[in-house]
Amino acid sequence: MSLIEFNINKSDSGSLIAINEKLDIPFNIKRVYYIFDVDTESRRGFHAHKKLKQVIIALGGSCKVMLDNGYTKEEYLLNNPQKGLLIEKTMWREMYDFSKNCVLLVLVNELYDEADYIRDYEQFKSFLGI
Ligand code: TYD
């Protein structure tokens, strides 16, 4: 897992970031979704994916993301639209501490498929053979 820093075009009139598949992120983008209007008390995620990869970017506001590979957990603070969190397959994720105005953009390499989700932590461990 890693934070990707995107190139930024800054001028007196504002900033622009372009994300090109395969160039700025390591996969082809098949789906884009965004998460907003999240209550500051809410926690999201609580799942892993069997195959899917994604990059999450906080376009506005902030939130924390906990990633767990079954052995170790790491916490990331997303609060910068210039940085994307790359989440590879088979990572348990939990998102929390959303700021009031947080908007998350998510870039994904696959279409939505509920069969790719693992929503139970024990099943996640079994899937990993742990
Ligand atoms: P989910 O992936 O569980 O959200 P989070 O991990 O942020 O908590 O998705 C929430 C709901 O939205 C769930 O019912 C599935 C639905 N959904 C779609 O229909 N299409 C999509 O592309 C995504 C990501 C979710």
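Both ligands and their constituent atoms are indexed starting at 1 by order of listing. Predicted model, so just to flag it, every value in this text is computed and none were measured.
Using a heavy-atom distance under 4.0 Å as the criterion, the protein contacts of ligand 1 are R31, Y33, I35, R44, G45, H47, Y112, Y117, R119.
More than 12 heavy atoms of other residues, nucleotides or ligands lie within 6.0 Å of CG in D113, so this atom counts as buried by the packing criterion. Annotation for F46: atom CZ counts as buried by contact number, over 12 foreign heavy atoms lying within 6.0 Å.
Take F127 and apply the ring pair (Phe, Tyr, Trp, His ring centres under 6.0 Å) test, not counting sequence neighbours, and it matches no residue.
Using a cut-off of 4.0 Å between Lys/Arg side-chain N and Asp/Glu carboxylate O, R31 and E110 are scored as not salt-bridged.
Partner D97 forms a salt bridge (charged side-chain N to carboxylate O under 4.0 Å, His left out) with one of R43, K64, R44 and no other, that one being K64.
The side-chain heavy atoms of S15 and I8, taken from C-beta on, include a pair separated by under 4.5 Å.
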